[in-house]
Amino acid sequence: MVTTHNLGFPRIGAKRELKFALESYWKGESSRDELKALGAQLRQHHWAHQAGLDLVPAGDFAFYDQMLDMSFTLGNLPQRVRAFHGDTLDNTFRVARGRSAKGLEHHGACCDGVAAGEMTKWFDTNYHYIVPEFTAGTEFRLDASRLLDQLAEARAAGIKAKPVIIGPVTYLALGKTKDDADKLALLPRLLPLYTELLAQLAAQGVEWVQIDEPVLVTELPAEWKQAFTTAYAALGNGKVNLLLATYFGQLQDNLSLACQLPVQGVHLDAINARNEVDAVLAQLPQDRVLSLGVINGRNIWKTDLNAVLDWLTPVAKHLGDRLWIAPTCSLLHVPVDLDSEQKLDSEIRSWLAFAIQKLDELKVLAAALNHGHAAVKDELAANQAAIHARRSSPRVNNPAVKAAVAAITKAMGQRSSAYALRAGKQAALLKLPVYPTTTIGSFPQTAEIRHARSEFKAGRLDEAGYKVAMQAEIARSVREQEALGLDVLVHGEAERNDMVEYFGEQLDGYAFSQFGWVQSYGSRCVKPPILFGDIARPKAMTVEWSKYAQSLTEKPMKGMLTGPVTILNWSFVRDDQPRSVSCYQLALAIRAEVLDLERAGVRVIQIDEAALREGLPLRQAQWQDYLDWAVESFRITANGARDETQIHTHMCYSEFNDIIASIADMDADVITIETSRSDMELLDAFDNFNYPNEIGPGVYDIHSPNIPTREHMEQLMKKAAERIPAARLWVNPDCGLKTRNWEEVIPALTNMVAAAKALRAAN
Ligand code: GLN
Ligand code: ZN
């Protein structure tokens with residue numbers, strides 16, 4: 001008999017209950033007990049949804065983040081919060097976000113207002129964890145209470161619970177040392193706690209513990225491989241069975257290592273690492289469990305159950321009771337329940353599965369393997385019909401788009417002339433001063449804008465009325481920019497709710513859910529649009545707004561677009577074609593928009609690639625392949641423009657060291673990046689590489705409400721000029737201003753323009 005289990009369940013709630021409860025607690029509007037009760041209630045719901053599985057995760061629920069919870073379990077808190085006392089939950093929030101609830105009566109003076117822990121993306125997902133901090137002196141102290149409490153709760157609910165913890169090697173590998181300490185030197189201090197934790201779980205009669213070691217799908221230096229051997233020699237032979245969980249990718253050169261560790265079972269992502277199943281079967285000792293992740297925990301598509309059964313049935317025959325099946329990874333990365341969707345087009349909906357539906361699929365697979373296909377004949381037939389319908393739907397397949405992608409030529413990605421020649425033509429046309437000033441695109445999303453949009457969506461404001469309201473906002477930002485004396489203006493993006501959704505809504509091949517929320521960090525969620533079909537642009541998407549904005553000013557008005565790679569990386573994408581193909585389709589759609597803007601007289605066009613870096617694969621060995629098609633997609637989008645049209649791109653980060661050649665290869669005339677916090681040091685990558693085109697290193701940290709002074713920004717630009725010739729520098733903020741308010745933006749940009757003027761005078 002195969003065993004079914006799950007690695008983790010989304011904790012935010014089908015209606016984002018956890019988000020709202022957290023935010024209400026932080027605002028001081030509800031009590032800690034209410035928040036804890038809501039957490040307990042969510043866990044009960046989530047367990048109820050998983051009750052049909054043979055083993056259900058416990059301890060996967062976190063009020064903020066599972067890594068942070070592990071830090072608390074191990075007693076590893078940053079030095080600055082070690083003196084914190086009082087409720088653990090409040091301390092969790094203090095570490096996570098700098099503070100707990102507003103006006104928390106006690107501990108306000110002693111445990112409030114501290115630097116928040118650093119946040120980083122969890123592997124190649126859009127989930128962010130709180131980075132554990134280490135120093136050479138870090139000491140650990142076990143606190144198993146959270147796990148034991150959740151375990152007891154699960155049991156009381158009649159659930160066959162499998163506690164989930166982060167393994168010691170992954171825990172260390174994902175942390176950061178604040179001094180030059182060697183993280184691995186901490187391993188011997190950590191292992192006794194893990195041993196003790198496992199012993200405590202065994203004492204509760206726990207049979208299996210899932211121990212997550214996803215770093216096994218990354219490139220590991222020899223000493224980190226050795227750490228696995230050391231760690232599991234210590235942990236693997238206790239009273240409780242360990243399921244070593246890997247996910248998101250292939251084991252590659254860690255495959256033998258993973259198979260040899262003295263654990264009782266290994267979980268493999270059998271979608272991303274399908275090609276490794278045979279090797280694992282061959283190498284895994286005969287007494288071990290093999291858990292295969294056969295349902296994709298990273299996308300929202302129905303699984304082709306018949307296809308899975310085709311390859312899984314012989315494996316099940318071979319392994320017998322030793323085969324477990326599960327989703328590939330925790331379902332944290334998918335929305336909770338498709339049944340919540342009321343407005344989704346019924347055809348598209350029939351192709352989808354969210355977390356709860358994915359677990360239903362798992363049960364069908366298990367029934368087919370355990371009792372024969374006939375036992376679930378109807379379910380398999382219905383699944384086959386849905387898979388077939390999706391595959392052959394004319395809404396998915398647009399032959400004209402496929403033909404256009406097939407007809408892409410190298411020349412389409414090439415500007416007519418080299419940068420130096422273009423720069424001359426653009427200068428003659430735009431007549432900009434040295435140190436030209438601009439902004440990144442959005443201006444504050446005011447209450448009026450949000451109100452008009454929600455009225456429009458609710459049908460209480462008609463299209464004409466909505467247009468008038470947005471035009472008024474555009475006119476306002478143009479007025480403000482003229483008064484500020486900026487050189488290249490933007491229309492302000494009032495009409496855009498989100499830089500990806502705005503385009504997705506106007507492209508064929510995209511669908512939108514109502515409740516498809518996925519946790520990004522803490523209480524923050526994103527609702528990625530669903531890219532389901534070949535992408536086509538029925539009509540121009542931004543031209544009317546840009547033309548209107550340009551009509552209000554003599555200054556150049558930047559056309560503002562989101563690039564194909566960013567649209568792709570922030571969507572749920574198709575699993576029936578390579579990401580690169582979807583990206584090329586997006587590139588052709590945005591390219592058409594670039595050409596339309598140009599025809600409408602727009603002289604400067606910015607194509608944002610905020611998320612280009614996020615798409616880098618887990619293993620460095622695969623980076624170049626990704627960069628090749630990502631950069632080519634950008635080039636196809638942008639480089640059909642005439643020499644005279646100045647192409648800008650923008651990226652929300654500044655770590656370019658390892659990808660600078662690809663960034664240069666995009667050949668944008670101007671790139672604006674985030675640099676204000678790093679004191680311009682991050683420009684070294686551009687300097688060392690001799691980056692040939694123009695750069696706008698951000699001088700205004702838009703993530704902070706602080707108003708930067710003229711002197712400070714001038715100083716930053718002087719540092720920039722030590723690295724990049726002044727003739728190729730622009731002066732601009734780090735990113736868009738939509739999260740700020742006008743009261744902050746006006747003085748900050750006044751100072752920025754003054755800084756540029758002072759630099760010109762001194763030039
Ligand atoms: N043009 C977008 C804006 O200004 C860019 C946002 C981003 O880079 N994240 O809001
Ligand atoms: Zn940005």
Side-chain angles (χ1 to χ4, degrees), residues 121 126 128 437-446 449-450 453 470 473-474 477-478 480-481 486 488-504 520-521 524 526 528-529 541-542 545-546 549 557-571 590 593-594 597 602 604-615 630 634 637-638 646-656 663 666 668 670-678 682 695-704 730-742 744-745 748-749 752:
K121 276 162 64 79
N126 195 18
H128 302 72
T437 54
T438 191
T439 61
I440 306 305
S442 56
F443 273 110
Q445 287 266 328
T446 58
I449 298 178
R450 279 197 289 268
R453 183 152 34 245
M470 293 302 120
E473 291 292 336
I474 291 172
S477 27
V478 173
E480 299 286 9
Q481 293 173 85
L486 287 154
V488 174
L489 310 195
V490 298
H491 76 288
E493 301 179 30
E495 80 290 3
R496 300 184 192 177
N497 37 353
D498 173 273
M499 63 191 281
V500 169
E501 197 168 69
Y502 178 77
F503 291 94
S520 173
Y521 65 92
R524 295 297 195 101
V526 293
M541 303 180 282
T542 65
W545 301 113
S546 280
M557 174 63 60
K558 265 198 279 195
M560 194 60 58
L561 304 173
T562 303
V565 188
T566 297
I567 297 184
L568 184 86
N569 284 343
W570 284 347
S571 301
I590 310 292
E593 190 73 15
V594 167
L597 281 171
V602 176
V604 183
I605 301 173
Q606 178 174 312
I607 304 164
D608 292 326
E609 284 294 14
L612 187 131
R613 205 175 194 292
E614 290 182 12
F634 180 87
T637 305
Q646 190 170 66
I647 297 289
H648 290 216
T649 189
H650 164 72
M651 298 183 185
C652 302
Y653 45 84
S654 48
E655 318 92 68
F656 287 105
I663 299 300
M666 290 163 70
V670 182
I671 179 171
T672 59
I673 57 175
E674 173 177 332
T675 33
S676 71
R677 280 196 198 187
S678 78
L682 288 155
I695 307 178
V699 289
Y700 164 16
D701 174 12
I702 60 92
H703 300 104
S704 158
W730 285 63
V731 182
N732 47 260
D734 271 342
C735 192
L737 299 164
K738 74 172 180 193
T739 56
R740 301 260 61 91
N741 55 52
W742 281 106
E744 296 157 343
V745 163
L749 293 181
M752 190 185 89

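Note that ligands are numbered from 1 as they come in the structure, with each ligand's atoms numbered from 1 the same way.
- At the top of the distance list for atom 9 (N) of ligand 1, counting protein heavy atoms only, stands Cys652 SG, 3.2 Å.
- Taking any N or O of His650, backbone or side chain, at least one lies under 3.5 Å from an N or O belonging to ligand 1.
- Here is the list of ligand 1 atoms found below 4.0 Å of a heavy atom in Ala610: 8 (O), 9 (N).
- Note that OG1 of Thr649 and CG of Asp608 are 6.5 Å apart. Values are rounded to the nearest 0.5 Å.
- Close contacts between ligand 1 and Gly736 involve ligand atoms 3 (C), 4 (O), 10 (O) [criterion: under 4.0 Å to a heavy atom].
- In this structure, Glu493 counts as a contact residue of ligand 1, since one of its heavy atoms falls inside 4.0 Å of the ligand.
- For ligand 1 and Ile440, the ligand atoms under 4.0 Å from any heavy atom of the residue are 1 (N), 4 (O).
- For Lys738, no heavy-atom contact with ligand 1 is shorter than 4.0 Å.
- For the atom pair Ile673 CD1 and Glu655 CD, the distance stands at 10.0 Å (nearest 0.5 Å).
- Rounding to the nearest 0.5 Å gives a distance of 12.0 Å between CD1 of Ile671 and CD1 of Ile607.
- In Met499, the part holding a heavy atom less than 4.0 Å from any atom of ligand 1 is the side chain.
- Residues Ile663 and Met651 meet the side-chain proximity criterion, which asks for heavy atoms closer than 4.5 Å.
- When the heavy atoms of Pro733, Cys735, Gly492 are ranked by distance to atom 7 (C) of ligand 1, first place goes to Cys735.
- Draw a line from the Zn ion (ligand 2) to SG of Cys735 and another to NE2 of His650, and the angle between them is 120° (to 10°).
- The protein heavy atom nearest to atom 1 (N) of ligand 1 is Asp608 OD2, 2.6 Å.
- No side-chain heavy atom of Met499 sits less than 4.5 Å from a side-chain heavy atom of Ile567.
- Looking at heavy atoms from C-beta onward, Trp545 lies in side-chain contact with Ile474 at the 4.5 angstrom threshold.
- Interface of Gly441 with ligand 1, defined as ligand atoms under 4.0 Å from a residue heavy atom, comprises 4 (O).
- Residue Ser442 places at least one N or O, backbone or side chain, under 3.5 Å from an N or O of ligand 1.
- Side-chain contact check for His650 versus Glu609: every heavy-atom pair is 4.5 Å or farther apart.
- For the pair Tyr653 and Arg613, the tightest heavy-atom approach, listed with the atom from each and the gap, is OH-N, 3.2 Å.
- The CD atom of Glu674 sits 7.0 Å away from the CG atom of Asp701 when rounded to the nearest 0.5 Å.
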